[in-house]
Amino acid sequence: MNDEIDHQELVLRAATPADEIGIRELNTAAFGQDNEARLVSRLRHCGALVLEMVAQTPRGRILGHIAFSRVTPADSGPGQGLLVTCLAPMAVWPEFQHQGIGGKLITRSLELLREKGEDLVVVLGYPTYYPRFGFDAELAQKVHGPYSGIAFMACALSEAGSRDLPVTVTFATPFEEFE
Ligand SMILES: CC(C)(COP(=O)(O)OP(=O)(O)OC[C@H]1O[C@@H](n2cnc3c(N)ncnc32)[C@H](O)[C@@H]1OP(=O)(O)O)[C@@H](O)C(=O)NCCC(=O)NCCS
(Lines give C-alpha, C1' and ligand atoms only; values in the text may rest on other atoms or scores of the structure.)
Protein backbone atom coordinates (compact mmCIF):
# COMPACT_ATOMS: atom_id res chain seq x y z
CA MET A 1 0.00 0.00 0.00
CA ASN A 2 1.44 3.35 -1.07
CA ASP A 3 1.39 6.48 1.06
CA GLU A 4 -0.25 9.21 -1.00
CA ILE A 5 1.55 12.47 -1.54
CA ASP A 6 0.15 15.92 -2.20
CA HIS A 7 1.85 16.91 -5.46
CA GLN A 8 1.24 20.60 -4.86
CA GLU A 9 3.32 20.38 -1.72
CA LEU A 10 6.17 18.45 -3.26
CA VAL A 11 9.35 20.55 -3.34
CA LEU A 12 11.90 19.89 -6.08
CA ARG A 13 15.33 21.39 -5.37
CA ALA A 14 19.06 20.89 -5.85
CA ALA A 15 20.62 18.54 -3.32
CA THR A 16 22.90 20.08 -0.67
CA PRO A 17 25.65 18.56 1.51
CA ALA A 18 23.10 18.38 4.37
CA ASP A 19 21.09 15.85 2.33
CA GLU A 20 23.89 13.29 2.17
CA ILE A 21 22.53 10.90 4.81
CA GLY A 22 18.93 11.16 3.60
CA ILE A 23 20.03 10.43 0.04
CA ARG A 24 22.09 7.44 1.14
CA GLU A 25 19.18 5.98 3.13
CA LEU A 26 16.75 6.55 0.27
CA ASN A 27 18.96 4.86 -2.34
CA THR A 28 19.63 1.92 -0.04
CA ALA A 29 15.90 1.44 0.63
CA ALA A 30 14.85 1.83 -3.01
CA PHE A 31 17.45 -0.58 -4.40
CA GLY A 32 17.51 -2.98 -1.42
CA GLN A 33 21.32 -2.77 -1.33
CA ASP A 34 23.89 -0.04 -0.83
CA ASN A 35 25.73 -0.24 -4.20
CA GLU A 36 23.81 2.71 -5.68
CA ALA A 37 24.19 4.76 -2.48
CA ARG A 38 27.95 4.20 -2.67
CA LEU A 39 27.93 5.10 -6.36
CA VAL A 40 26.25 8.44 -5.58
CA SER A 41 28.75 9.17 -2.85
CA ARG A 42 31.73 8.37 -5.10
CA LEU A 43 30.34 10.40 -8.00
CA ARG A 44 29.78 13.34 -5.66
CA HIS A 45 33.18 13.17 -4.03
CA CYS A 46 35.13 12.83 -7.28
CA GLY A 47 33.40 15.94 -8.62
CA ALA A 48 31.63 14.13 -11.44
CA LEU A 49 28.08 15.26 -10.58
CA VAL A 50 26.65 17.90 -12.89
CA LEU A 51 23.22 17.99 -11.26
CA GLU A 52 21.73 16.28 -8.23
CA MET A 53 18.13 16.93 -7.20
CA VAL A 54 15.78 15.82 -4.48
CA ALA A 55 12.00 15.79 -4.10
CA GLN A 56 10.97 16.51 -0.53
CA THR A 57 7.88 17.09 1.58
CA PRO A 58 7.34 20.61 3.02
CA ARG A 59 8.59 19.21 6.34
CA GLY A 60 11.86 18.19 4.74
CA ARG A 61 11.58 14.43 4.24
CA ILE A 62 13.42 13.43 1.08
CA LEU A 63 11.16 11.17 -1.02
CA GLY A 64 13.07 11.10 -4.30
CA HIS A 65 16.57 11.64 -5.65
CA ILE A 66 18.18 11.86 -9.08
CA ALA A 67 21.82 12.29 -10.13
CA PHE A 68 23.49 13.29 -13.40
CA SER A 69 27.22 12.84 -13.89
CA ARG A 70 29.66 14.05 -16.52
CA VAL A 71 30.24 11.82 -19.53
CA THR A 72 33.35 12.70 -21.53
CA PRO A 73 33.41 12.62 -25.34
CA ALA A 74 36.54 11.36 -27.09
CA ASP A 75 38.88 13.99 -28.52
CA SER A 76 37.96 13.24 -32.10
CA GLY A 77 34.80 12.87 -34.17
CA PRO A 78 31.74 15.08 -34.64
CA GLY A 79 30.65 14.85 -31.02
CA GLN A 80 33.90 15.91 -29.37
CA GLY A 81 32.45 19.27 -28.27
CA LEU A 82 29.17 17.93 -26.86
CA LEU A 83 28.22 18.37 -23.21
CA VAL A 84 26.96 14.93 -22.19
CA THR A 85 25.64 13.65 -18.86
CA CYS A 86 24.45 10.29 -17.55
CA LEU A 87 21.24 9.94 -15.51
CA ALA A 88 22.06 7.46 -12.73
CA PRO A 89 20.93 6.52 -10.30
CA MET A 90 17.44 7.68 -9.44
CA ALA A 91 15.32 6.48 -6.55
CA VAL A 92 12.00 7.05 -4.80
CA TRP A 93 11.11 5.59 -1.39
CA PRO A 94 9.26 2.29 -2.05
CA GLU A 95 6.03 3.40 -0.37
CA PHE A 96 5.94 6.57 -2.48
CA GLN A 97 6.68 5.00 -5.89
CA HIS A 98 4.28 5.02 -8.88
CA GLN A 99 2.84 8.43 -8.00
CA GLY A 100 4.83 10.50 -10.46
CA ILE A 101 7.62 11.71 -8.16
CA GLY A 102 10.30 10.14 -10.35
CA GLY A 103 8.70 11.65 -13.45
CA LYS A 104 8.68 15.11 -11.91
CA LEU A 105 12.36 14.81 -11.00
CA ILE A 106 13.28 13.75 -14.54
CA THR A 107 11.23 16.50 -16.21
CA ARG A 108 12.57 19.29 -13.99
CA SER A 109 16.15 18.03 -14.23
CA LEU A 110 16.04 17.91 -18.03
CA GLU A 111 14.77 21.52 -18.04
CA LEU A 112 17.65 22.60 -15.81
CA LEU A 113 20.24 20.72 -17.83
CA ARG A 114 18.93 22.33 -21.01
CA GLU A 115 19.20 25.75 -19.36
CA LYS A 116 22.79 24.97 -18.37
CA GLY A 117 23.61 24.32 -22.03
CA GLU A 118 23.92 20.53 -21.84
CA ASP A 119 23.47 18.76 -25.19
CA LEU A 120 22.76 15.12 -24.48
CA VAL A 121 21.70 12.85 -21.58
CA VAL A 122 22.10 9.09 -21.57
CA VAL A 123 20.51 6.51 -19.29
CA LEU A 124 20.58 2.77 -18.76
CA GLY A 125 17.10 1.94 -17.50
CA TYR A 126 13.58 0.67 -18.07
CA PRO A 127 12.84 0.80 -21.84
CA THR A 128 9.13 1.35 -21.13
CA TYR A 129 9.66 4.31 -18.80
CA TYR A 130 12.32 6.73 -20.05
CA PRO A 131 10.96 7.20 -23.64
CA ARG A 132 8.04 9.22 -22.21
CA PHE A 133 10.60 11.89 -21.25
CA GLY A 134 12.26 11.95 -24.69
CA PHE A 135 14.84 9.18 -24.28
CA ASP A 136 15.41 7.07 -27.36
CA ALA A 137 17.34 3.80 -27.80
CA GLU A 138 17.90 4.49 -31.49
CA LEU A 139 19.64 7.80 -30.75
CA ALA A 140 21.78 6.04 -28.13
CA GLN A 141 23.14 3.68 -30.79
CA LYS A 142 25.18 6.69 -31.92
CA VAL A 143 26.69 7.04 -28.46
CA HIS A 144 29.54 4.55 -28.43
CA GLY A 145 30.90 3.32 -25.11
CA PRO A 146 30.50 0.53 -22.58
CA TYR A 147 26.69 0.31 -22.82
CA SER A 148 24.32 -0.71 -25.62
CA GLY A 149 20.97 -2.46 -26.17
CA ILE A 150 17.35 -1.37 -25.74
CA ALA A 151 17.89 -0.26 -22.13
CA PHE A 152 20.56 2.23 -23.21
CA MET A 153 18.77 5.42 -24.25
CA ALA A 154 19.70 9.01 -25.09
CA CYS A 155 17.81 12.30 -24.96
CA ALA A 156 19.01 15.28 -26.99
CA LEU A 157 18.59 18.63 -25.21
CA SER A 158 19.97 20.78 -28.03
CA GLU A 159 20.20 20.67 -31.79
CA ALA A 160 23.85 19.63 -31.53
CA GLY A 161 22.85 16.75 -29.25
CA SER A 162 21.10 14.96 -32.08
CA ARG A 163 23.23 16.37 -34.92
CA ASP A 164 26.88 16.01 -33.85
CA LEU A 165 26.85 12.22 -33.65
CA PRO A 166 28.23 9.61 -33.44
CA VAL A 167 30.21 10.27 -30.30
CA THR A 168 32.46 7.94 -28.36
CA VAL A 169 32.21 8.48 -24.61
CA THR A 170 33.77 7.60 -21.28
CA PHE A 171 31.73 7.50 -18.07
CA ALA A 172 32.91 8.78 -14.69
CA THR A 173 35.37 6.41 -13.00
CA PRO A 174 32.95 5.24 -10.22
CA PHE A 175 30.86 3.47 -12.88
CA GLU A 176 33.82 1.17 -13.60
CA GLU A 177 33.61 -0.24 -10.06
CA PHE A 178 29.81 -0.39 -10.07
CA GLU A 179 27.92 -3.70 -10.33
C1 LIG B 1 12.31 3.85 -10.97
C2 LIG B 1 11.77 4.84 -9.92
C3 LIG B 1 12.84 5.86 -9.56
C4 LIG B 1 10.58 5.58 -10.55
O5 LIG B 1 10.07 6.53 -9.60
P6 LIG B 1 8.48 6.69 -9.45
O7 LIG B 1 8.21 7.88 -8.64
O8 LIG B 1 7.93 5.40 -8.99
O9 LIG B 1 8.13 6.96 -10.99
P10 LIG B 1 6.80 7.48 -11.65
O11 LIG B 1 5.66 7.41 -10.68
O12 LIG B 1 7.10 8.75 -12.32
O13 LIG B 1 6.61 6.40 -12.79
C14 LIG B 1 6.34 5.05 -12.48
C15 LIG B 1 6.72 4.24 -13.69
O16 LIG B 1 8.09 3.84 -13.62
C17 LIG B 1 8.26 2.62 -14.32
N18 LIG B 1 8.84 1.63 -13.39
C19 LIG B 1 9.02 1.77 -12.06
N20 LIG B 1 9.57 0.64 -11.56
C21 LIG B 1 9.73 -0.20 -12.59
C22 LIG B 1 10.23 -1.51 -12.73
N23 LIG B 1 10.70 -2.20 -11.66
N24 LIG B 1 10.27 -2.09 -13.95
C25 LIG B 1 9.81 -1.41 -15.03
N26 LIG B 1 9.29 -0.15 -14.98
C27 LIG B 1 9.26 0.43 -13.77
C28 LIG B 1 6.87 2.16 -14.77
O29 LIG B 1 6.69 2.64 -16.09
C30 LIG B 1 5.98 2.91 -13.80
O31 LIG B 1 4.70 3.13 -14.31
P32 LIG B 1 3.43 2.63 -13.46
O33 LIG B 1 3.39 3.46 -12.21
O34 LIG B 1 2.31 2.87 -14.39
O35 LIG B 1 3.70 1.16 -13.15
C36 LIG B 1 11.29 4.12 -8.64
O37 LIG B 1 10.32 3.17 -8.99
C38 LIG B 1 12.42 3.44 -7.87
O39 LIG B 1 13.04 4.05 -7.01
N40 LIG B 1 12.67 2.14 -8.17
C41 LIG B 1 13.73 1.42 -7.50
C42 LIG B 1 15.08 1.92 -7.91
C43 LIG B 1 15.26 1.88 -9.42
O44 LIG B 1 14.98 0.85 -10.06
N45 LIG B 1 15.76 2.98 -9.99
C46 LIG B 1 15.88 3.13 -11.45
C47 LIG B 1 17.12 2.60 -11.98
S48 LIG B 1 18.44 3.77 -11.86
Side-chain angles (χ1 to χ4, degrees), residues 1-15 19-44 46 48-71 84-113 118 120-137 139-140 143 145-155 157 169 171-179:
M1 181 81 182
N2 274 4
D3 290 350
E4 281 202 27
I5 50 132
D6 180 344
H7 278 271
Q8 302 215 310
E9 296 207 325
L10 198 67
V11 177
L12 300 183
R13 62 166 175 82
D19 298 321
E20 187 155 356
I21 292 171
I23 289 171
R24 189 192 313 143
E25 288 174 352
L26 161 60
N27 275 280
T28 304
F31 287 97
Q33 57 176 31
D34 69 358
N35 296 12
E36 287 75 12
R38 283 191 282 126
L39 173 66
V40 172
S41 176
R42 286 181 183 151
L43 287 169
R44 190 184 297 131
C46 78
L49 289 183
V50 175
L51 178 67
E52 189 180 11
M53 294 199 73
V54 294
Q56 66 156 70
T57 64
R59 297 182 71 179
R61 180 172 175 200
I62 294 175
L63 303 183
H65 169 257
I66 191 166
F68 295 82
S69 56
R70 177 57 67 214
V71 174
V84 188
T85 60
C86 170
L87 187 176
M90 72 173 289
V92 171
W93 274 99
E95 65 271 34
F96 292 96
Q97 291 174 5
H98 304 281
Q99 296 185 60
I101 297 176
K104 285 194 164 172
L105 278 170
I106 297 173
T107 304
R108 183 68 188 127
S109 299
L110 293 182
E111 280 170 11
L112 290 174
L113 289 169
E118 294 289 327
L120 192 66
V121 183
V122 294
V123 68
L124 193 64
Y126 306 125
T128 52
Y129 182 53
Y130 292 96
R132 68 185 76 164
F133 306 102
F135 286 89
D136 179 14
L139 186 65
V143 182
Y147 308 113
S148 60
I150 55 162
F152 184 55
M153 294 163 271
C155 174
L157 300 178
V169 296
F171 287 74
T173 311
F175 283 102
E176 287 168 18
E177 301 152 5
F178 181 69
E179 290 173 13

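Each ligand, and each atom within it, is numbered from 1 in the order the structure gives. Predicted model, so just to flag it, every value in this text is computed and none were measured.
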Starting from [atom], locate the nearest protein heavy atom and write down its residue, its atom name and how far away it is, to 0.1 Å.
atom	answer
atom 1 (C) of ligand 1	Y126 CE1, 3.8 Å
atom 11 (O) of ligand 1	G100 N, 2.6 Å
atom 40 (N) of ligand 1	Q97 NE2, 3.5 Å
atom 4 (C) of ligand 1	Y129 OH, 4.1 Å
atom 48 (S) of ligand 1	M90 N, 3.7 Å
atom 41 (C) of ligand 1	A30 O, 3.5 Å
atom 33 (O) of ligand 1	H98 ND1, 2.7 Å

Worksheet item: For ligand 1, is there an N or O atom under 3.5 Å from any N or O atom of V92?
Response: yes

Item to complete: Give yes if a backbone or side-chain nitrogen or oxygen of G103 is under 3.5 Å from a nitrogen or oxygen of ligand 1, and no if not.
Response: yes

Practice prompt. From atom 42 (C) of ligand 1, work out which of F133, F31, W93 has a heavy atom at the shortest distance.
Written response: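 It is F31 whose heavy atom sits nearest to atom 42 (C) of ligand 1.
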
Worksheet item: Measuring to protein heavy atoms, does anything land under 4.0 Å from atom 38 (C) of ligand 1?
Response: yes

Worksheet item: Using 4.0 Å as the upper bound for N to carboxylate O, is an ion pair formed by R13 and D19?
Response: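 Answer for the salt bridge query: yes.
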
Worksheet item: Is E9 paired with R59 through a side-chain N to carboxylate O contact shorter than 4.0 Å?
Response: no

Response to the item:
Quick note on ligand 1: atoms under 4.0 Å from a heavy atom of I101 include exactly 7 (O)

